[in-house]
Asks: 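I have a structure I would like to understand better, so I am pasting it below and will then ask my questions one at a time.
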Amino acid sequence: MRSIVRPARKGRFWKYDPITKNLVLSSYHMTDENLPKYIAKIKEFSPDFFQGYPSAISILARFIKENNIDYFPSLKAVLCGSEPLYPWQRELFKEVFKCRVYSWYGHSEQVALAGECEKSTCYHIFPEYGVVELIGEDGQEVTEENKMGEIVATGLNNFAFPLIRYKTGDIGVYTKQACACGRDYPLLRRVEGRSQDLIVTKDKKLITLTALIFAQHFNAFSRVKEMQLIQEKEGGLLVKIVKSSQYLPKDEQEILSKIQSCVGGGLEVLFDYVDRIPRTKSGKYRFLIQKLPIKFGK
Ligand SMILES: [Zn+2]
């Protein structure tokens, strides 16, 4: 998942792992120029599953959609991890790849594991792997529907270095709903990423990216090639946009008014139009660069 493929020779952005039978594609070189090569290679490989960062799969999916490229008929599911999967990404993947999308939550400290089932998009927490508590900003366990809290977990599998009530720094959204699949696991409605992925309004309220942008329906999104939010001061937000050729002047107004409808004027929003959004060193595409230190809870 986290590997960067060093091109063995020019124009080759993947490597085959014969032990796991995986074709590993670099998320670092996914430019419009290189993507046709990726797509040809994936077609030749004919995979059953895609597994990867949602941000990287989004780049591939958008390119396929924009260029009306055939989907990959061998695909049974798209498996997403290591980053939150936002609703618009799920819709895009379903539309482009014509199969179910699953997301899971886990991390290298191995204290918690949660994933989706075939009946819902909530994360089922596996209590035999680790005990998960969701702790709100007030320091108390969250029991209110749709309220966010920090995931605090006790792993049950690491006997060499047990972590007890480990504060993961990840934000989850609570639900007490039961899942139609009948598995009686505690559920998280969503995982929102790190607390550092939250946005601060003028009145110091913390807002998730899902609430601010991704749970809303934007017509403009289909005409935005890439987007990145940058927060440098409380109550301020810079929206960087790489336009597609269909981007319209009214699209900026739509994005602005939907953001304002969520925060009620709590953010001063500026727009900046750029040619590309730089990736991180590990090849990740980040929706939010949060430059403020975010402290969630006590
Ligand atoms: Zn279920």
Side-chain angles (χ1 to χ4, degrees), residues 27-39 42 50 52-72 78 80 83-99 101 103 121 190 192-193 197 199 207-231 236-263 265-280 283-290:
S27 56
Y28 201 69
H29 302 90
M30 299 177 80
T31 59
D32 283 4
E33 190 199 358
N34 293 335
L35 279 167
K37 294 173 199 153
Y38 279 72
I39 290 163
I42 295 168
F50 274 174
Y53 300 145
S55 60
I57 301 174
S58 301
I59 297 168
L60 179 69
R62 272 174 188 264
F63 186 84
I64 288 174
K65 191 178 169 184
E66 269 171 30
N67 294 283
N68 294 316
I69 296 165
D70 276 354
Y71 70 107
F72 309 107
V78 176
C80 297
E83 286 174 355
L85 173 69
Y86 296 113
W88 68 268
Q89 293 173 313
R90 187 188 295 279
E91 289 311 308
L92 176 69
F93 299 170
K94 273 196 330 209
E95 182 191 338
V96 169
F97 300 123
K98 300 184 172 42
C99 61
V101 181
S103 184
T121 58
R190 287 191 303 276
E192 298 278 5
D197 294 331
I199 290 167
I207 307 282
T208 66
L209 280 175
T210 302
L212 189 73
I213 282 210
F214 295 132
Q216 307 202 51
H217 180 78
F218 286 85
N219 292 317
F221 272 4
S222 61
R223 296 184 285 275
V224 169
K225 215 165 165 189
E226 290 181 7
M227 185 174 183
Q228 187 172 58
L229 308 180
I230 299 172
Q231 183 162 46
L237 191 67
L238 177 66
V239 180
K240 277 192 178 181
I241 287 176
V242 181
K243 297 183 205 177
S244 77
S245 53
Q246 295 93 41
Y247 191 80
L248 305 167
K250 68 171 185 182
D251 290 335
E252 179 177 309
Q253 199 46 48
E254 188 200 9
I255 294 168
L256 182 64
S257 65
K258 292 244 165 117
I259 289 177
Q260 296 300 16
S261 72
C262 170
V263 293
L267 282 172
E268 188 187 325
V269 183
L270 296 172
F271 287 82
D272 185 18
Y273 294 95
V274 293
D275 292 335
R276 69 180 295 270
I277 306 276
R279 306 288 184 262
T280 65
K284 271 196 188 184
Y285 163 66
R286 307 205 51 198
F287 286 112
L288 173 68
I289 307 286
Q290 178 53 273

Asks: Any donor-acceptor pair under 3.5 Å linking the side chain of Q228 with the backbone of R286?
Replies: yes
Asks: Testing the basics here: between S58 and L92, what is the closest heavy-atom pair and its distance to 0.1 Å?
Replies: O-CD2, 4.1 Å
Asks: Which atom pairs, one a donor and one an acceptor, fall under 3.5 Å between side chains of residues 265-276 and the rest of the protein, sequence neighbours left out?
Replies:
from	atom 1	to	atom 2	distance (Å)
Y273	OH	Y247	OH	3.0
Y273	OH	E252	OE1	2.7

Asks: Is any side-chain heavy atom of L85 closer than 4.5 Å to one of F93?
Replies: yes
Asks: Could you pull out the closest heavy-atom pair between F287 and M227, with the gap in Å?
Replies: CD2-O, 3.9 Å
Asks: I need the D197 CG to I207 CD1 distance, nearest 0.5 Å.
Replies: 14.0 Å
Asks: Might you point out which heavy atoms bring L209 and L288 nearest each other, and give the distance in Å?
Replies: CD1-CB, 4.0 Å
Asks: Within this structure, what is the OG-CZ distance for the pair S257 and F218, rounded to the nearest 0.5 Å?
Replies: 7.5 Å
Asks: Enter the distance from N67:CG to I39:CD1 here, rounded to the nearest 0.5 Å.
Replies: 7.5 Å
Asks: Yes or no on side-chain contact (heavy atoms from CB on, under 4.5 Å) for D32 and E66, after CA distance, side-chain angles and deciding distance?
Replies: CA-CA 11 Å; D32 283 4; E66 269 171 30; 5.5 Å; no
Asks: Do V78 and C99 have side chains that get closer than 4.5 Å, going by heavy atoms?
Replies: yes
Asks: Side chains of I213 and L229: does their closest heavy-atom pair fall under 4.5 Å?
Replies: yes
Asks: Just do the side-chain contact (heavy atoms from CB on, under 4.5 Å) check on I57 and V101 with the steps written out, would you?
Replies: CA-CA 11 Å; I57 301 174; V101 181; over 6 Å; no
Asks: Do R279 and I277 come within less than 4.5 Å of each other through their side chains, counting heavy atoms only?
Replies: yes
Asks: Go through the steps for C80 and F50 under the test side-chain contact (heavy atoms from CB on, under 4.5 Å), then give the verdict.
Replies: CA-CA 8 Å; C80 297; F50 274 174; over 6 Å; no
Asks: Can you find a heavy atom in the side chain of L237 that is under 4.5 Å from one in the side chain of L212?
Replies: yes
Asks: F72 vs F97 aromatic rings, parallel, tilted or perpendicular, using cut-offs 30° and 60°?
Replies: parallel
Asks: Go through the steps for M30 and L35 under the test side-chain contact (heavy atoms from CB on, under 4.5 Å), then give the verdict.
Replies: CA-CA 6 Å; M30 299 177 80; L35 279 167; 4.0 Å; yes
Asks: Of the non-hydrogen atoms in T208 and A211, which two are nearest, and what is the gap between them?
Replies: OG1-N, 3.0 Å
Asks: State, yes or no, whether a side-chain contact exists between R223 and L248 at a heavy-atom distance under 4.5 Å.
Replies: yes
Asks: Taking the side chain as C-beta and beyond, is there a heavy-atom pair between I199 and V263 under 4.5 Å?
Replies: no
Asks: Mind checking the CH2-OG spacing from W88 to S222? Nearest 0.5 Å is all I need.
Replies: 11.5 Å
Asks: Just wondering, more than 12 heavy atoms not from K98 lying within 6.0 Å of its NZ?
Replies: yes
Asks: Run the ring-centre check on F63 versus Y38 and record whether the distance is less than 6.0 Å.
Replies: no
Asks: Is the closest side-chain heavy-atom distance between E226 and R62 below 4.5 Å?
Replies: no
Asks: What is the distance from atom OG of S55 to atom CG of L60, rounded to the nearest 0.5 Å?
Replies: 12.0 Å
Asks: Just jot down the salt bridge (charged side-chain N to carboxylate O under 4.0 Å, His left out) partners of K94, sequence neighbours excluded, or say none.
Replies: E91
Asks: What's the spacing between I42 CD1 and I64 CD1 if we round to 0.5 Å?
Replies: 6.5 Å
